[in-house]
Amino acid sequence: MVRLMDLNPEQREAVKHRDGPMLILAGAGSGKTRVIVNRIAYLIEQGVNPEHILAVSFTNRAVREMEERVADMVNNRKVAKKLTLSTFHSLGVRILRTDIDLLNYPRQFTIYDPSDQLALIKRVMREKRIDEKRFDPKYFQAEIAKAKNEGQEPKDIRDIMLREIFLAYDDALRTCGAVDFDDLIRLPCLLLKNHDSVRQRWSGRFRQIMIDEYQDTNGVQLQMVRELASIHGNLCVVGDDDQSIYGWRGSDVENIRQFDKHFPGTRVVKLTQNYRCSGNILDAANKVIEQGVGRYHKRLWTEQDNGALVGMAVLADEEGEARFVVDHLQTTHFEEKRKWSEFSIMYRTNAQSRALEELLRNERIPYKMIGGTKFFDRKEIRDLIAYLKVVNQPKDEISLRRIINYPPRGIGTATIDKLSAFAKQRRSTLYDACLHIDDCSTVGKAQRNAINDFTEMIENLKGKVEEGRSLALIAEMLISAVKFQHALFKEYSEVKEAKKRVDNVDALVNSMIQYEGKADKPSLSDYLDRVSLEPSGDNSEEEDEDAVMLITLHGAKGLEYPIVYLVGMEEGFLPYFRIYESDTDIEEERRLCYVGITRAKQKLILSRALQRRRFGRMEDREPSRFLADIPPKLLHPMGIGGKKPAVTEEERDEKFKSFFSEVFGMLEKD
DNA sequence: TTTGAATGGGTTTTT
DNA sequence: CCCATTCAAA
Ligand SMILES: Nc1ncnc2c1ncn2[C@@H]1O[C@H](COP(=O)(O)OP(=O)(O)OP(=O)(O)O)[C@@H](O)[C@H]1O
């Protein structure tokens, strides 16, 4: 049930808006997402078919958040399920799975992640005899991504070599039956633009479109949105130019600033009251963002009390910082009877989570890491996934090459080169050449046998998939067929290491079982899609698990927590500096800082270390320049700079003892 | 063809 | 410090 009285007048106006374009431009915590959620529920109440409603956001996490909030409000699972709430990329996949054949790709396409992408670019470069030493494949990868995000096609590229590689790379993708991440937006966009039937289908299907975090859209996404809204113009976007933090992947704040020019007749709604942060926190945030260069003026206000001061902790080193945060967190948890899930620790880079994780684990504090690709980056996991990808789409040459000789089965580089030549000669894919290897005289008998055994196994597994056998079962068959575990023990002389890897493989199989348990229509290709689109594996079964959140600043956008720790407030981290490169966009870093501060509802603790290990060497660290923008009267010094020294271990033990005796005392009374 | 040792290069952020 | 890649020997 929508309760319009839970909204302020501006929000109410936005929720009740029905047809035509609308822009909600508003600051952090002003209830933008709340408007979207309410508007979805309101539309349903007004009789709009939920299948006609589309809401898009950027991160998987933000989509999940929206799903939960909508589900709570609609309170009808069957109706909620009919809604389309998704990221741009999964929406792209959905469109492509239906219509990609119009572009000459198979509907069973696979999705290449950046490392597959790089591998393919390297292949293309080798084919073209372009020296990888002289020309960095990563450069081309970046340039191609940029071009795709700007909506450029190979013919638009001036640089001859880049154009040639782009062209060949795109060709190669098609041959592999694969698309890359950027294609997940670019190709649907091409389809919608060039095929009226496609546009009619999708724009007709989604008659009410909402987009959260619109300031993060890039050129191609704008085009895609335009096409999707072309039939009806019912497009509602919400965003905040002060929270634009994806410039590095082509997002363009002008999309939101010029929205009313892109969509004439736009109704503009501005929200300026912040409902999230206590006064001091909002003050600090305002001070940081106000120093922004080239910023459009906007000021948030709140009715809330000042609340606690913002903690500013200075510690000796990385470990000291982690220790401080964990101690403080633990003390607050007990003293204020806070649930673990009320805490969140945020950082600029995933690597910064290590020290924290270690300590949290030691202290047995439940935590959940959002983002980070650790699991699916492990070699053994990638290998297994590569096998499944080959079973799913044998054209996928990158995956095929990855596993054709892993575990080693006597098909070395020499053989693969011959195989590749054979494939080229008969104009077939590499896998097809494997199937007909007996017609290839250049490959020796032993190798031919090995290849035949290999294809036989893959074909067998393909059969199982077609029979509709369970995914986990297929994976298990695969693991035993290739003696995967045996290979791991052979590969890692350290038994402990090998065991760990075997455990990882088990964990992957388990994730498949879980997936099959909860998916609507489980299938291998759907599973692989999910793994590609959400490699962080944030498939938190335990949705409302009580755990501390560890998350990057980017990942935290749109989320909120009662207590937030912002660690690593140092030059080099925030703003982030890369060695040898000085292209950091300071203003974007500032906005990132603003995003971090405005995640906190009641308490915010900033921290920094004086020294940090980097490349094994200790380095001195300077405070982040953004700290200087926060008036000292808002800050409460802690750690080394605080009045009280950091809590010592004895003191902490003392606190626990008294806490427990208190608890026991309460129990005895009962 | 497989293997292990040497070497060199480098830490964003997400889909 | 930790990796990925490369290179040389078995
Ligand atoms: N009218 C209101 N009355 C009370 N609480 C509100 C109101 N509007 C929003 N809130 C609360 O304020 C908080 C922030 O809302 P929301 O997440 O929708 O903001 P947002 O504008 O999307 O923030 P961000 O820009 O950070 O993503 C939420 O806890 C929400 O419940």
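Computed from a predicted model, the values in this text were never measured in an experiment.
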Exercise for the section: Find out whether A:Leu419 and A:Ile437 are in side-chain contact, i.e. whether some heavy atom of one side chain is under 4.5 Å from a heavy atom of the other. Expected result: yes

Exercise for the section: Identify whether any heavy atom of A:Tyr246 sits under 4.0 Å from a base atom; if not, whether one sits that close to sugar-phosphate; answer base, sugar-phosphate or nothing. Expected result: sugar-phosphate

Exercise for the section: Describe the nucleic acid contact of A:Asp113 in one word from base, sugar-phosphate, nothing, applying a heavy-atom distance below 4.0 Å. Expected result: nothing

Problem - Phosphate OP1/OP2 of B:dT14 contacted by A:Thr87 side-chain N/O (<4.0 Å) - result: no

Exercise for the section: Select one nucleotide: of B:dT15, B:dT13, B:dT11, the one nearest the side-chain heavy atoms of A:His554. Expected result: B:dT13

Fill in the blank from the handout: Nearest-nucleotide check on DNA chain B, A:Gln447 vs A:Trp248; residue mapping nearer the 5' end is A:Gln447

Practice task
Would you tell me if any nitrogen or oxygen in the side chain of A:Asn60 comes within less than 4.0 Å of OP1 or OP2 on B:dT14?
Solution key: no

Handout entry: Separation of atom CD1 in A:Ile111 from atom P in B:dT14, rounded to whole Å
Key = 18 Å

Handout entry: Between C1' of B:dT12 and CZ of A:Arg590, the distance in whole Å
Key = 19 Å

Problem - Inter-nucleotide P distance (C:dA4, B:dT13), Å rounded - result: 15 Å

Problem - Whole-Å distance separating the CZ atom of A:Arg378 from the P atom of C:dC3 - result: 10 Å

Handout entry: N/O (side chain, A:Thr552) to phosphate O (OP1/OP2, B:dT14) under 4.0 Å
Key = yes

Problem - Minimum-distance nucleotide (side-chain atoms of A:Arg614 versus B:dT11, B:dT14, B:dT2) - result: B:dT11

Exercise for the section: Classify the nucleic acid contact of A:Phe88 as base, sugar-phosphate or nothing, counting any heavy atom under 4.0 Å across all strands shown. Expected result: nothing

Practice task
Decide if atom CD of A:Glu319 counts as having more than 12 heavy atoms of other residues, nucleotides or ligands within a radius under 6.0 Å.
Solution key: no

Exercise for the section: Have a look at A:Arg591 and say if it touches a base, only the backbone sugar-phosphate, or nothing, with a 4.0 Å heavy-atom cut-off. Expected result: nothing

Exercise for the section: Check whether any side-chain N or O of A:Lys490 sits under 4.0 Å from OP1 or OP2 of B:dT3, and answer yes or no. Expected result: yes

Exercise for the section: Quick one: pull up CD in A:Glu560 and CZ in A:Arg599 and give me the separation to the nearest 0.5 Å. Expected result: 8.0 Å

Exercise for the section: Name the nucleic acid region contacted by A:Thr415, choosing base, sugar-phosphate or nothing; use a 4.0 angstrom heavy-atom cut-off, strictly under. Expected result: sugar-phosphate

Practice task
May I have the distance from A:Glu358 (atom CD) to C:dC1 (atom P), rounded to whole angstrom?
Solution key: 14 Å

Problem - Atom pair CG/CD of A:Asp240 and A:Gln215 - distance to nearest 0.5 Å - result: 6.0 Å

Fill in the blank from the handout: Judged by nearest nucleotide, the residue sitting upstream toward the 5' end of DNA chain B, A:Arg409 or A:Pro114, is A:Arg409

Handout entry: Interatomic spacing from CD in A:Glu397 to CG in A:Asp116 - rounded to 0.5 Å
Key = 12.5 Å

Fill in the blank from the handout: Between OH of A:Tyr406 and C1' of B:dT2 the distance, given in whole Å, is 13 Å

Practice task
Rounded off to whole Å, could you give me the CD1-to-P distance for the A:Ile245 and B:dT15 pair?
Solution key: 11 Å

Exercise for the section: Would you say whether A:Phe181 stacks on B:dT15? The test is a distance between ring centres of less than 5.5 Å and an angle between planes of less than 30°. Expected result: no

Problem - Interatomic distance, A:Ile586 CD1 vs B:dT12 C1' [rounded to whole Å] - result: 14 Å

Practice task
Taking only the side-chain nitrogens and oxygens of A:Asn149, find out if one of them lies under 4.0 Å from OP1 or OP2 of B:dT15.
Solution key: no

Practice task
When you get a sec, tell me which of B:dT1, B:dT14, B:dT12 is the closest nucleotide to the side chain of A:Thr59?
Solution key: B:dT14

Problem - OP1 or OP2 of B:dT12 under 4.0 Å from side-chain N/O of A:Asn350 - result: no

Handout entry: Between CG on residue A:Asn149 and CG on residue A:Asn218, distance to nearest 0.5 Å
Key = 4.5 Å

Handout entry: Integer-rounded Å distance: B:dT14 P and A:Ile551 CD1
Key = 9 Å

